[in-house]
Amino acid sequence: MAKDFSTREENYSKWYNDIVQRAGLAESSAVRGCMVIKPYGYAIWEKMQAALDRMFKDTGHSNAYFPIFIPKSFFSREAAHVEGFAKECAVVTHYRLKNAEDGSGIVVDETAKLEEELIVRPTSETIIWDTYRSWVQSYRDLPILVNQWANVVRWEMRTRMFLRTTEFLWQEGHTAHATEKEALEETHLILNLYADFAEKFMAVPVLKGTKSVNERFAGALETYCIEALMQDGKALQAGTSHFLGQNFARAFDVKFSSKEGKLEHVWATSWGVSTRLVGALIMAHSDDHGLVLPPKLAPIQVVIVPIYKNKEQYDLVCSKARALEEDLRMKGIAVKLDDRDSYKPGWKFNEYEFKGVPVRIAIGPRDVENGTVEIARRDTLEKEVYQVADLGNKVEHLLHAIQDNMYQKALAFREENTHKADTWREFKDIIENKGGFVWAHWDGSAETEQRIKEETKATIRLIPMEGQSEKGKCIYSGKPSSGRVVFAQAY
RNA sequence: CGGGGUGUAGCGCAGCCCGGUUAGCGCGCGUCGUUCGGGACGACGAGGUCGGAGGUUCGAAUCCUCUCACCCCGACCA
């Protein structure tokens, strides 16, 4: 990594925005805090969707769709949800417009006021559980394993492309189970699925764990999460899986008759990941030359750039290039031949580097003569001349190698930026000067957590899943602790 | 909602403090020619109600008042 992020805030932020714009991923829109996801950015999201959707279906889930509008009263049903849930929501109060009498344009028709306001969903637990009530009578109706791909709106104070926008795209799973055990298993299944996706597809290593009470989802008994480390040393919550207990079933009166003939409330989970993952991808892998995409999520895995001086050479080189393109396509590789005459090779090289295309093949008259091509890999920027024979297999291997290398690189970065702190002074020093994950002892109190946040901006990203039992003293209060938790400044 | 900043060509900016020809520069865009193995070069050309409203003045991008929008930093959060 060539970038120096010692003055983290501004530089990194600028660098990030530059990549989003220059790679053609997104741009800010006319609407405050919303973004336009451009075709290339959306193509990455589609690749993510496809992979996740397959994983959901392979584990028995189905897709469904619920309304974007939720009656305001639904939000009052679950006490903790009401208490803890952000109130920054878009509210629909009227249903008609009219021409202004003074001819100044269109105004809201005040006579068309809704009896009950509708909330543009910030998340769908309430409307879904209201619906599930009628879906569940008996244990035979369970489990319900439903996911929806949707947009949600949260009127955030401060926004950032992909990481936090007013409207964002996501997937939210909402499941109903007969037993606590089964619901917990579902929560873990999804958490592991998310972690697999992050590591195998995004090439981003993640830590798994539970949230502290402060950071827990409003209405959940337990929130499990995956956390990734970005190149500026800040943590990013990449996915959450909530164990909701029977809270929502009670609030929305969702009951079933068990095998034993008893009437019981169902057990619930909810889980989701969003277009924030695109932001994670950018921040985890990009370099000074732009975006770097892992082959498994790259809309274009291989680009072929022909090099030529005149019409004859163009024809010769392109016919060769087309044959290569066909070869690679047969292998199932997403390949693009950029034979546009309106841009020069050097321009194209830079263009595809911004866009993070994993492999670039250049072919010119010299290559045609020698039966070779020049292959450049985006992750290392290395160039090498290959024989054309058996190119399909070579490229296939290369794509795997790049995917693997990107993961290893990100993992090495995380290891380098993971520290242990045993004293308050040490802790503050690491958080303020180095960044990264800090494993430290904590007394388990919300109060201490809050104090630490106020003094260092660092929060508990997660309480590690696998025991990590180690006796120690809280870095802040000095009280006894039974295991380290992971702190970091976060997005 | 607090604190700071910016609005001038599609994009990035200079000019403003200290008012004065026809408002500039870089990139991009168009035409033509030479080029084409790492963002080519030359010539010519198109493109602006200087965010908006009001005021001061012989004269406003520049000074004053109001207003709108966006960005950054906090609080909030996937």
Side-chain angles (χ1 to χ4, degrees), chain A residues 8-14 16-18 21-22 27-34 84-89 121-124 150-172 194 211 214-218 223 225-228 235-242 270-280 289-290 305-314 317 339-354 360-370 372-376 381 383 385 453-454 457 459 461 489-491:
Chain A
R8 286 198 268 160
E9 286 306 326
E10 304 89 72
N11 286 356
Y12 192 80
S13 177
K14 189 174 184 331
Y16 175 82
N17 284 328
D18 266 11
Q21 277 172 36
R22 298 216 288 180
E27 61 190 33
S28 54
S29 75
V31 184
R32 193 213 82 109
C34 292
F85 206 80
K87 309 293 194 296
E88 280 79 24
C89 291
R121 64 182 164 216
T123 180
S124 303
N151 57 340
V152 287
V153 169
R154 297 179 189 178
W155 216 262
E156 301 290 355
M157 300 303 174
R158 222 185 120 214
T159 58
R160 271 165 155 274
M161 298 262 192
F162 289 110
L163 300 178
R164 181 169 301 105
T165 44
T166 301
E167 178 190 14
F168 57 95
L169 306 181
W170 77 347
Q171 132 310 283
E172 49 179 326
Y194 284 159
K211 284 291 185 196
N214 279 352
E215 302 268 327
R216 190 180 285 167
F217 176 72
T223 288
C225 65
I226 53 172
E227 290 279 331
L236 184 79
Q237 179 172 307
T240 46
S241 179
H242 312 291
S270 72
W271 29 273
V273 295
S274 71
T275 37
R276 164 178 273 196
L277 292 181
V278 177
H289 299 262
V305 178
I307 294 157
Y308 52 88
K309 283 191 171 56
N310 50 47
K311 182 78 170 72
E312 292 92 291
Q313 286 189 354
Y314 177 84
V317 169
D339 58 1
R340 287 176 300 176
D341 188 38
S342 44
Y343 292 98
K344 299 176 52 183
W347 191 92
K348 291 177 187 173
F349 290 175
N350 283 287
E351 171 81 355
Y352 292 107
E353 260 161 34
F354 286 150
R360 183 187 72 232
I361 299 181
I363 176 165
R366 219 155 60 204
D367 293 304
V368 174
E369 212 169 291
N370 302 335
T372 58
V373 290
E374 182 197 78
I375 295 192
L381 296 167
K383 289 192 284 197
V385 174
K453 183 177 177 181
E454 278 160 19
K457 290 192 215 158
T459 50
R461 298 324 301 158
Q489 289 186 358
Y491 273 97

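Residue numbers begin at 1 in each chain, while the letters A, B, ... track the order of the sequences. When reading the values below, keep in mind they use all heavy atoms of this one structure, side chains included, and skip hydrogens, waters and symmetry mates.
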Give a yes/no on whether any side-chain N or O of K457(A) is located under 4.0 angstrom from OP1 or OP2 of G74(B).
yes
Looking at G39(B), I'd like to know if its phosphate oxygens (OP1 or OP2) sit under 4.0 Å from a side-chain N or O belonging to K344(A).
no
Who does [N] pair with, Watson-Crick or G-U, both distances under 3.5 Å?
N: U31(B); value: A43(B)
N: U6(B); value: A69(B)
N: A75(B); value: none
N: G26(B); value: C11(B)
N: U57(B); value: none

Rounded distance (Å) that lies between atom [atom2] of [N] and atom [atom1] of [X]:
X: I363(A); N: G37(B); atom1: CD1; atom2: P; answer: 16 Å
X: M161(A); N: C72(B); atom1: CE; atom2: P; answer: 9 Å
X: D341(A); N: U35(B); atom1: CG; atom2: P; answer: 14 Å
X: D18(A); N: C11(B); atom1: CG; atom2: P; answer: 16 Å
X: R160(A); N: A78(B); atom1: CZ; atom2: C1'; answer: 14 Å
X: Q313(A); N: U35(B); atom1: CD; atom2: P; answer: 12 Å
X: Y343(A); N: G38(B); atom1: OH; atom2: P; answer: 19 Å
X: W155(A); N: A78(B); atom1: CH2; atom2: P; answer: 18 Å

Once you apply a heavy-atom cut-off of 4.0 Å, does [X] come out as touching a base, just sugar-phosphate, or nothing?
X: Q237(A); answer: sugar-phosphate
X: D367(A); answer: base
X: L277(A); answer: nothing
X: T223(A); answer: nothing
X: E353(A); answer: base
X: F168(A); answer: base

Enter the distance from [X]:[atom1] to [Y]:[atom2] here, rounded to the nearest 0.5 Å.
X: Q237(A); Y: C225(A); atom1: CD; atom2: SG; result: 5.5 Å
X: L236(A); Y: Y491(A); atom1: CG; atom2: OH; result: 8.5 Å
X: R360(A); Y: E351(A); atom1: CZ; atom2: CD; result: 12.5 Å

T223(A) and H242(A) side chains, donor-acceptor separation under 3.5 Å
yes
If only side-chain N and O atoms count, and only distance matters, is there a donor-acceptor pair under 3.5 Å linking T123(A) with R121(A)?
no
Nearest to side-chain heavy atoms of [X], which nucleotide of [options]:
X: P345(A); options: C36(B), G39(B), C76(B); value: C36(B)
X: F349(A); options: G39(B), G38(B), C76(B); value: G38(B)
X: R22(A); options: G39(B), C76(B), G37(B); value: G39(B)
X: N17(A); options: C76(B), C72(B), A78(B); value: C72(B)
X: E351(A); options: C76(B), G37(B), G39(B); value: G39(B)

Parallel, tilted or perpendicular, as decided by the 30° and 60° cut-offs, for the rings of Y308(A) and Y314(A):
perpendicular
Show the numbers, then the answer: is there a salt bridge (Lys or Arg N to Asp or Glu O under 4.0 Å) between R154(A) and E88(A)?
CA-CA 6 Å; R154(A) 297 179 189 178; E88(A) 280 79 24; over 6 Å; no
Pairwise [atom1] distance for [N] and [M], with rounding to whole Å:
N: C25(B); M: G47(B); atom1: C1'; answer: 15 Å
N: G28(B); M: G39(B); atom1: P; answer: 13 Å
N: U57(B); M: A75(B); atom1: C1'; answer: 46 Å
N: U6(B); M: C16(B); atom1: C1'; answer: 14 Å
N: U31(B); M: U8(B); atom1: C1'; answer: 28 Å
N: C41(B); M: C27(B); atom1: C1'; answer: 16 Å
N: G24(B); M: A9(B); atom1: P; answer: 14 Å
N: G5(B); M: G51(B); atom1: C1'; answer: 16 Å

Per nearest nucleotide of RNA chain B, the residue lying toward the 5' end, Y308(A) or F162(A), is Y308(A)
Taking for R461(A) and for E374(A) the nucleotide of RNA chain B with the nearest heavy atom, the one nearer the 5' end belongs to E374(A)
Between F349(A) and W347(A), is the ring centroid distance below 6.0 Å?
no
Looking at G38(B), does its base get a donor-acceptor pair with the side chain of K383(A) below 3.5 Å?
yes
